[in-house]
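Down below is the structure, laid out as structure tokens.
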Amino acid sequence: MSNATGHVDLIKPLTSIRFFAAFAVVLYHSGAAFAAASPHIATPLKTLLLNGYLGVTFFFVLSGFILHLTYRGRIATSNQLKRFGIARFARLYPVYLLAVLAMLPFATLKGWADVPQFLLLHWWIPNGALGWNDWNMPTWTLSVEFFFYLCFPIISRLAEKLGSGSLLALIAALLAFAAITGSSALIDNQFALFAWMKWTPVPLLRLPEFLIGIVVAELHLRGHRARIPSWPIALLLVVGLAVATSPRIAAFATAMSALLIMAIAGDQHSRFARALSVRWLVLLGAASYALYLMHQPVHFAVLALLKSSKAMVALQYPILIAGSIALFLFYEEPVREWIRKRAAMKPSIGEEIAAHPV
């Protein structure tokens, strides 16, 4: 971005849309199976809910985009690398640790096998070969994201050096890989389509989504723009997820996520982007990280209180949304600022806007 105002205009709608991706995953985990068993719910809605897990694909693409937008050319020295590491730790770990510990009352303890999750390593071993445990299942994405962070400084610098034609070819190759292998749908590589994938760590299999986000950001910074408005892309994405039942729809979701992000970035003043930039929706998007990580503890806690009551399905959602906003305002943000101050690190303008879009 050439100025802070432009950066704000871009970060706000991209923050808001995170809420919809996060809530899609929440509904997938807590309501999709219930909906799928109901004869009173239309098939397209059932299919849409059952494809809710693909909200994670959007997160991975968006993560690459925002990181490259914020840090392009700013991780060249050891001090800059240190700043990046501290900023990522402050952003990721405080809520992550709380979400893991919140599942302790419902967890099956396995001794030393419980330790890797506290180091964000628990999804690095194919097929759980070492028996590593995770108390809060959705945290697998954070283990994958941690791997992305380690790769990012090198990948970001390489993206800067490639020509625009090479970047476009790289996107095509990565999408082809996702379409052929179904990698964007993988959570556990035991269900991989090819034998070699069963012994490939999940972070490597999901890396193409993150790479696509970085490449799209690089193209955006070079002035490339999507020629399609944002809203038809969003509509096409929703329709596709409402009619497709094959796991290969994940490659489509990856492509549409990248195109949607690029379209919003290229026309930040469109009606679609302005609608996403309203303050309350930006707040929901900012709290989506807490919402995503805490939805399993809330689900288990409400279920424990209400037993098998169907009211649980509806009650958990307002509790989760209100709780995630409170967690964002009174824990996530204060702890992040405390860590930065302890490290005597004042954020750059780009880091500040990306971290505080509200």
Side-chain angles (χ1 to χ4, degrees), residues 1-15 18 59-96 120 142 144-164 166-168 170-171 174 203 207-225 258 261-262 264-266 268 282 285-286 289 332-333 335-358:
M1 290 286 98
S2 59
N3 55 69
T5 301
H7 207 153
V8 170
D9 290 341
L10 171 55
I11 293 297
K12 283 185 175 181
L14 291 180
T15 297
R18 281 169 44 198
F59 286 139
F60 286 161
V61 176
L62 182 62
S63 176
F65 183 90
I66 295 296
L67 283 182
H68 191 67
L69 192 75
T70 305
Y71 289 101
R72 182 184 188 270
R74 295 175 182 158
I75 317 183
T77 67
S78 58
N79 185 57
Q80 290 174 327
L81 189 61
K82 177 184 175 182
R83 285 175 56 88
F84 172 76
I86 293 172
R88 290 299 89 204
F89 176 84
R91 171 73 179 90
L92 198 77
Y93 202 76
V95 178
Y96 172 82
L120 289 162
L142 280 302
V144 172
E145 189 77 12
F146 177 48
F147 177 81
F148 293 167
Y149 289 169
L150 295 179
C151 298
F152 173 75
I154 295 174
I155 297 172
S156 180
R157 295 184 70 180
L158 288 175
E160 292 181 52
K161 298 177 180 179
L162 291 176
S164 295
S166 297
L167 292 174
L168 290 170
L170 179 58
I171 289 179
L174 292 170
L207 186 60
E209 296 149 80
F210 184 71
L211 290 175
I212 287 171
I214 292 174
V215 173
V216 168
E218 180 63 26
L219 290 170
H220 171 74
L221 290 168
R222 295 183 188 185
H224 295 272
R225 300 291 181 263
I261 291 167
M262 194 170 191
I264 293 173
Q268 302 152 32
V282 177
Y289 178 58
E332 183 177 343
E333 286 288 272
V335 172
R336 182 188 302 172
E337 289 304 310
W338 181 82
I339 292 173
R340 285 185 176 277
K341 288 178 181 179
R342 291 285 294 180
M345 191 180 85
K346 182 179 179 180
S348 67
I349 293 177
E351 289 171 333
E352 185 69 27
I353 293 171
H356 306 284
V358 181

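Every heavy atom of this structure was used, including side-chain atoms; hydrogens, water molecules and symmetry mates were not. Note that the structure is a prediction, hence the values are computed from the model and not measured.
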Can you check side chain to side chain contact (heavy atoms under 4.5 Å, CB included) on Phe59 and Val144, steps first, answer last? CA-CA 11 Å; Phe59 286 139; Val144 172; over 6 Å; no

By side chain to side chain contact (heavy atoms under 4.5 Å, CB included) - contacts of Ser63 (at least two apart):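 With sequence neighbours excluded, Ser63 shows a side chain to side chain contact (heavy atoms under 4.5 Å, CB included) to Leu67, Glu145, Tyr149, Phe210, given in chain and number order.
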
List in chain and number order the residues that pass side chain to side chain contact (heavy atoms under 4.5 Å, CB included) with Leu158, two or more places apart in sequence or in another chain; answer none if no residue qualifies.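 Applying side chain to side chain contact (heavy atoms under 4.5 Å, CB included) to Leu158 gives Ile154.
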
For the atom pair [atom1] ([X]) and [atom2] ([Y]), what is the distance rounded to the nearest 0.5 Å?
X      : Y      : atom1 : atom2 : answer
Leu92  : Leu120 : CG    : CG    : 6.0 Å
Glu209 : Leu62  : CD    : CG    : 12.5 Å
His224 : Met262 : NE2   : CE    : 7.0 Å
Leu170 : Ser166 : CG    : OG    : 8.5 Å
Leu150 : Ile155 : CG    : CD1   : 10.0 Å
Ile214 : Tyr71  : CD1   : OH    : 13.0 Å

Given 3.5 Å as the limit, does a donor-acceptor pair link the side chain of Glu160 with the main chain of Gly73, or not?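 Confirmed, Glu160 side chain pairs with Gly73 backbone.
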
Intermediate values then yes/no, side chain to side chain contact (heavy atoms under 4.5 Å, CB included), Leu168 and Leu219: CA-CA 8 Å; Leu168 290 170; Leu219 290 170; 3.8 Å; yes

Between Arg225 and His220, is the side chain to side chain contact (heavy atoms under 4.5 Å, CB included) condition met? List the steps. CA-CA 6 Å; Arg225 300 291 181 263; His220 171 74; 3.2 Å; yes

Can you name the closest pair of heavy atoms from [X] and [Y] and give their distance?
X      : Y      : answer
Val61  : Ala258 : CG1-CA, 3.9 Å
Leu10  : Ala265 : CD1-CA, 3.3 Å
Pro94  : Ile339 : CG-CD1, 3.9 Å
Ser156 : His68  : OG-ND1, 2.8 Å

Could you check whether Arg88 makes a cation-pi contact with Phe148, meaning its NZ or CZ is under 6.0 Å from the centre of the six-membered ring and within 45° of the ring axis?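 Not satisfied by the 6.0 Å and 45° rule.
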
Using the six-membered ring wherever Trp is involved, compare the ring planes of Tyr93 and Tyr96 and label them parallel, tilted or perpendicular (cut-offs 30° and 60°).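 Tilted: the ring planes of Tyr93 and Tyr96 meet at 30° to 60°.
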
Identify whether the distance between the nearest side-chain nitrogen and carboxylate oxygen of Glu333 and Arg336 falls below 4.0 Å.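 So Glu333 pairs with Arg336 through a salt bridge.
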
Could you give me the CA-CA distance, side-chain angles and deciding distance for Ile11 and Ile66, then say whether side chain to side chain contact (heavy atoms under 4.5 Å, CB included) is met? CA-CA 8 Å; Ile11 293 297; Ile66 295 296; 3.6 Å; yes

Name all residues meeting the salt bridge (Lys or Arg N to Asp or Glu O under 4.0 Å) criterion together with Arg222; count only those two or more places apart in sequence or in a different chain, and write none if there are none.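 Only Glu218 meet the salt bridge (Lys or Arg N to Asp or Glu O under 4.0 Å) criterion with Arg222.
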
